[in-house]
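Report on the structure given below.
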There are 2 protein chains.
Amino acid sequence: MMFQLDFRDKRPLYEQIKANIKELIISGILKSDERIPSVRELAQTLTINPNTIQKAYKDLETEGLIYSVRAKGSFVAPFNAAANPARLDELMSELEKILAELVYLNVSQEQAIAVVRNVYEKRGVKARD
Amino acid sequence: MMFQLDFRDKRPLYEQIKANIKELIISGILKSDERIPSVRELAQTLTINPNTIQKAYKDLETEGLIYSVRAKGSFVAPFNAAANPARLDELMSELEKILAELVYLNVSQEQAIAVVRNVYEKRGVKARD
DNA sequence: TGAACTGTATTATAATATATAATACAGACA
DNA sequence: TGTCTGTATTATATATTATAATACAGTTCA
């Protein structure tokens, strides 16, 4: 896979793994139904324990980002807006929290909106293969 | 103080305490140089250990949100944009990450901008007393 | 002055979270 | 039939979180 772990990062390893794979999925680098490395394979690549990978995969499956098939492998889940209704609320709540702090730090509304436009320009709607 | 801990929350207690006090500060409910409860006092109110409060306060002081004076108490720090330069980068990075996921979940740019406008309308520039 | 309060520090202990290690089982596949 | 999958279990080690019990130095105020 195309990411590395950062051992100076204070987050648990399985959280870093989740974040990296999520980024690959939402950025469209990994396509729907594309296979991701097996638990053992990725463990070897990152030189960490397979159980840690398994925990990350299990979480990602719960969040609806991947699915696993016994004896076949793990794959990117096809997009399904309704798959995780709670996640949207969570993200909106986090978004508001961050914006509130930016207000406090005197970041202008224009600057904040500029960031939104930037992200949407860069990652705007793409075909999901 | 005007908040409670949620023991179902998976975050550590000291993180919840930090988040709650930070919210009180950035929302302007707590004013500059206003005194916040003493370590022991808040510990008693929340029925948790004083050391846990102390850890939260220490972190908040490091982040420039409060300051403590030996034998006198802990107080809300006057706003200082330059106090924590790294924090802005961190927030911007988190903001982009959340927006990227919202893009993936088919939330429109208009919806995202509406959230920004809402937060700025609600918490827009106020006098810092 | 002295009692009661402050922040801060230290040491010990317990509980929980995280990570590793070693196996095992059942199904897919060539 | 090997070799690969996901998944599960048990054990162990380490780190993080939380509690508990004290202690010290400085303030506030009756």
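Protein chains get the first letters and strands the later ones, always in sequence-line order, with residue 1 at the start of each.
Listed for the B:Ser27 side chain is a donor-acceptor partner under 3.5 Å among the backbone atoms of B:Leu24. Within the 3.5 Å criterion, the main-chain N or O of B:Phe3 finds no donor-acceptor partner in the side chain of B:Asn20. For B:Thr62 (side chain) and B:Lys58 (main-chain N/O), a donor-acceptor pair under 3.5 Å exists by modelled atom type.
When rounded to the nearest whole Å, the span between CD of A:Glu41 and C1' of D:dT3 equals 13 Å. One atom, NZ of B:Lys10, and another, P of C:dA17, lie 13 Å apart when rounded to the nearest Å. D:dT16 atom C1' lies 14 Å from atom CG of A:Leu13, rounded to whole Å. As rounded to whole Å, 13 Å separates atom P of C:dT20 from atom OH of A:Tyr14. Going from atom NZ of A:Lys55 over to atom P of C:dT16 covers 16 Å, rounded to whole Å. Rounded to whole Å, atom C1' of C:dT6 lies 14 Å from atom OH of B:Tyr67. The distance from atom CD1 of B:Ile48 to atom P of C:dA15 is 18 Å, rounded to the nearest whole Å. In this structure, B:Asp9 atom CG and C:dT16 atom P are separated by 16 Å, rounded to whole Å.
B:Gln109 CD to B:Ile113 CD1: the interatomic distance, rounded to the nearest 0.5 Å, is 4.5 Å.
Closest approach of A:Tyr104 to B:Ile25, counting heavy atoms only: OH-CG2, 3.9 Å. Shown here for B:Glu90 and B:Arg87, the closest heavy-atom pair between the two residues is OE2-NH1, 2.7 Å.
Residue A:Glu15 is classed as having no contact, given no heavy-atom separation below 4.0 Å to the nucleic acid.
Residue B:Thr52 places at least one side-chain N or O under 4.0 Å from the OP1 or OP2 atom of D:dT19.
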Atom pairs under 3.5 Å: protein N/O with N/O of nucleotides 7-11 of chain C:
unit_1 : atom_1 : unit_2  : atom_2 : d
C:dG7  : OP1    : B:Ser74 : OG     : 3.4
C:dG7  : OP2    : B:Val39 : N      : 3.2
C:dG7  : O4'    : B:Ala71 : N      : 3.4
C:dG7  : N7     : B:Arg40 : NH1    : 3.0
C:dG7  : O6     : B:Arg40 : NH2    : 2.8
C:dG7  : N2     : B:Arg70 : NH2    : 2.5
C:dT8  : O4     : B:Arg40 : NH2    : 3.2

